[in-house]
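Here the structure is laid out as structure tokens; the discussion comes afterwards.
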Amino acid sequence: PPAPAPLFFQAEDGWRDIVRARGLWDVYKWEQAKYLEEACIRLDQGINILPEIAKPLEINKLAPNFTLKDQNSNEHNLNSYQGKWILLAFYYSDETFAWTAQMMALVQSLKEFNKLSAIPFGISSNTIEQHSEFAKNHNLSINLLADPDNSVIKTYTGTSKIGTVSSRQSFLIDPQGILRKIYNPVNAFSHAEEVLSDLKTLTEVIDQLGLLKRRQREMQDSINAASRIQNALLPDLNSILPINFGISLFYKPLEKIGGDCFWSKFNNDNKYWLGLFDCTGHGVPGAFITMVLLSGIQRIVAQNHKITPV
């Protein structure tokens with residue numbers, strides 16, 4: 001780890017006690033050692049130094065979109081990667097021991113990520129230039145996104161007033177842009193292996209969900225088609241009955257299509273005939289019976305030219 005601040009080094013156990021007693025253990029990290037003295041001073045002044053966490057992101061909800069530049073100044077928009085799994089790995093800063101180890105593990109696993117149609121990104125508050133130097137120093141082929149104003153970091157993980165840092169968290173987003181898993185905390189040395197294992201499982205689950213959605217969509221399309229056919233067979237009462245006829249009809253199936261129907265005709269003897277029918281069944285089966293009934297009635301009337309109640 002990097003060398004800690006001198007004051008922290010001189011009284012390490014004392015600072016541990018202060019941090020633990022003041023409820024600051026969450027911010028006690030090697031990467032943040034240089035901020036501890038300032039943190040305690042601000043706490044004594046009554047300044048809130050706990051992380052300003054944005055509203056927690058919800059699993060199975062759409063991941064917030066963003067556009068950031070990588071170490072080569074290339075822009076990356078999250079929505080443009082739909083169709084791919086995306087791993088957003090947030091970390092404190094370049095050249096920290098844990099993150100360098102985690103990044104190296106991700107780079108070594110890039111082939112496995114590619115096989116699963118997944119792309120990992122690293123995100124921190126470092127600048128493009130710092131990311132570029134970091135990538136060169138360690139021969140990193142992964143995209144490192146620069147978020148110097150902490151806008152994306154705050155949206156996903158929150159920021160702290162004791163320094164421009166983010167907690168080490170990762171977010172796994174599916175090919176439709178839905179957030180599927182949040183890794184918090186992250187084990188830098190086993191993270192890549194854990195994500196790959198989850199990807200294999202989640203890919204199968206998401207594929208099954210996609211299949212179910214396709215079947216549901218096909219079923220809904222069939223119902224919509226049946227509804228159009230049924231409505232085409234139902235008479236237009238406004239064109240048949242006179243305005244002052246004194247009858248109103250409210251027709252609304254329990255489902256999109258139903259087993260009830262109506263029929264009307266103006267006969268040659270200047271009589272209006274109106275029929276209301278309750279067929280057996282609901283939904284598609286009931287609608288099928290109504291279509292048989294309506295076509296049968298229309299055929300009878302067309303053949304006999306008269307309507308006689310029975």
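Model, not experiment: these values are computed from the prediction. Worth knowing before you read on, the calculation uses all heavy atoms, side chains too, and leaves out hydrogens, waters and symmetry mates. Sequential numbering from 1 along the given sequence is applied to the chain's residues.
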**Report entry** Gln230 side chain vs Gly259 backbone, donor-acceptor pair below 3.5 Å
**Finding:** no

Query raised in the report: Checking Tyr156 side chain against Leu57 main chain: does a donor-acceptor pair fall under 3.5 Å?
Result: no

Query raised in the report: Looking only at side chains, do Asn137 and Glu95 share a donor and an acceptor under 3.5 Å apart?
Result: yes

Report task. Indicate yes or no: at least one non-hydrogen side-chain atom of Ile173 is less than 4.5 angstrom from one of Tyr81. Result -> no

**Report entry** Flag side-chain contact, heavy atom, 4.5 Å: Gln216 against Met219
**Finding:** no

Report task. May I ask you to decide if Glu129's main-chain N or O and Ser132's side chain share a donor-acceptor pair within less than 3.5 Å? Result -> no

Query raised in the report: When hydrophobic residues are tied together by side-chain contacts of less than 4.5 Å, even through go-betweens, does Ile59 share a cluster with Leu88?
Result: yes

Report task. Using a 4.5 Å cut-off on heavy atoms from C-beta on, say whether the side chain of Ile289 contacts that of Phe277. Result -> no

Report summary line: Taken to the nearest 0.5 Å, the spacing of Asn65 CG from Thr155 OG1 works out to 10.5 Å

Report task. Enumerate the residue pairs fulfilling side chain to side chain donor-acceptor pair (under 3.5 Å) with a member in residues 174-183, sequence neighbours excluded, ordered by first and then second residue. Result -> Asn60-Arg180, Asp174-Arg180, Lys181-Asp198, Tyr183-Asp198

Query - Which residues share a side chain to side chain contact (heavy atoms under 4.5 Å, CB included) with Thr67, sequence neighbours left out - result: Glu75, Asn77

**Report entry** Nearest non-hydrogen partners of Leu293 and Cys261, listed with the distance
**Finding:** CD2-SG, 3.9 Å

Query raised in the report: Ser73 side chain to Lys69 main-chain N or O, any donor-acceptor pair under 3.5 Å?
Result: no

Requested in this report: Please tell me if the side chains of Leu144 and Met103 come closer than 4.5 Å, counting only heavy atoms from C-beta onward.
Outcome: yes

Query raised in the report: When rounded to the nearest 0.5 angstrom, what distance separates CE in Met291 from CD1 in Ile229?
Result: 6.0 Å

Query raised in the report: Between the side chain of Thr157 and the main-chain N/O of Ile153, is any donor-acceptor distance below 3.5 Å?
Result: yes

Query raised in the report: Are the side chains of Pro120 and Leu110 in touch, meaning some heavy atoms are under 4.5 Å apart?
Result: yes

Requested in this report: Look at the side chain of Ser124 and the backbone N and O of Asn126, then say whether any donor-acceptor pair between them is shorter than 3.5 Å.
Outcome: yes

Query raised in the report: Is Thr203 close to Thr201 at the side-chain level, that is, under 4.5 Å between some pair of heavy atoms?
Result: no

Report task. Heavy atoms only: give me the nearest Gly258-Thr290 pair and the separation to one decimal. Result -> O-CG2, 3.7 Å

Query raised in the report: For atom CD of Glu193, is the number of surrounding heavy atoms from other residues, nucleotides or ligands below 6.0 Å larger than 12?
Result: no

Report task. Taking all heavy atoms of Gly286 and all of Cys279, pick out the closest pair and write down the distance. Result -> O-CB, 4.5 Å

Report summary line: In short, Leu68 meets Ala146 closest at the heavy-atom pair CD2-O, 3.4 Å

Query raised in the report: Are side-chain heavy atoms of His191 and Leu87 found at a separation under 4.5 Å?
Result: yes

Report task. Measure the CG-CG distance between Leu145 and Leu78 for me, rounded to the nearest 0.5 Å. Result -> 10.0 Å

Requested in this report: Could you go through the side-chain contact (heavy atoms from CB on, under 4.5 Å) check for Ile178 and Leu62 one step at a time?
Outcome: CA-CA 4 Å; Ile178 305 299; Leu62 195 65; 3.9 Å; yes

Requested in this report: Take Glu194 and Asn187 through the test side-chain contact (heavy atoms from CB on, under 4.5 Å) and record every step on the way to the result.
Outcome: CA-CA 9 Å; Glu194 180 184 8; Asn187 185 316; 5.7 Å; no

Query - Intermediate values then yes/no, side-chain contact (heavy atoms from CB on, under 4.5 Å), Arg214 and Arg217 - result: CA-CA 5 Å; Arg214 285 194 298 273; Arg217 186 166 56 249; 3.2 Å; yes

Query raised in the report: Do Ser222 side-chain atoms and Glu218 backbone N/O form a donor-acceptor pair below 3.5 Å?
Result: yes

Report task. May I ask you to decide if Glu112's main-chain N or O and Ser109's side chain share a donor-acceptor pair within less than 3.5 Å? Result -> no

**Report entry** Residue pair Gln102 / Ser170: nearest heavy atoms and the distance that separates them
**Finding:** NE2-OG, 4.2 Å

Requested in this report: Hey, can you tell me if Phe171 and Phe90 have their rings parallel, tilted or perpendicular (30° and 60° cut-offs)?
Outcome: perpendicular

**Report entry** ring pair (Phe, Tyr, Trp, His ring centres under 6.0 Å) involving Tyr251 - partner list, sequence neighbours excluded
**Finding:** Phe262

Query raised in the report: Would Phe66 and Asp147 count as a side-chain contact (heavy atoms from CB on, under 4.5 Å) if you check the C-alpha gap in whole Å, the side-chain angles of each, and the deciding distance to 0.1 Å?
Result: CA-CA 10 Å; Phe66 63 84; Asp147 185 28; over 6 Å; no

Requested in this report: Determine whether Ile128 and Phe121 fall in the same hydrophobic cluster, where Ile, Leu, Val, Met, Phe, Trp and Tyr are linked whenever their side-chain heavy atoms lie under 4.5 Å apart.
Outcome: no

Requested in this report: To the nearest 0.5 angstrom, please state how far the OG atom of Ser264 sits from the CG atom of Leu276.
Outcome: 9.5 Å

Report task. Report yes or no: do Phe288 and Leu234 belong to one cluster of Ile/Leu/Val/Met/Phe/Trp/Tyr joined by side chain heavy-atom distances under 4.5 Å? Result -> no

Query raised in the report: Quick one: NZ on Lys115 to CG on Leu199, what's the gap to the nearest 0.5 Å?
Result: 13.5 Å

Report task. Of all the heavy-atom pairs spanning Ser227 and Ile257, show the shortest one and how long it is. Result -> CA-CG2, 3.1 Å

Query raised in the report: Asp70 and His131: side-chain donor and acceptor closer than 3.5 Å?
Result: no

Query raised in the report: In Å, rounded to the nearest 0.5 Å, how long is the span from CD1 of Ile142 to CE of Met104?
Result: 11.0 Å

Requested in this report: Side-chain contact test, heavy atoms from C-beta onward, threshold under 4.5 Å: evaluate it for Ile119 versus Phe113 and give yes or no.
Outcome: no

Report task. State plainly whether one hydrophobic cluster holds both Ile297 and Val292, where clusters connect Ile, Leu, Val, Met, Phe, Trp and Tyr through side-chain heavy atoms under 4.5 angstrom apart. Result -> no

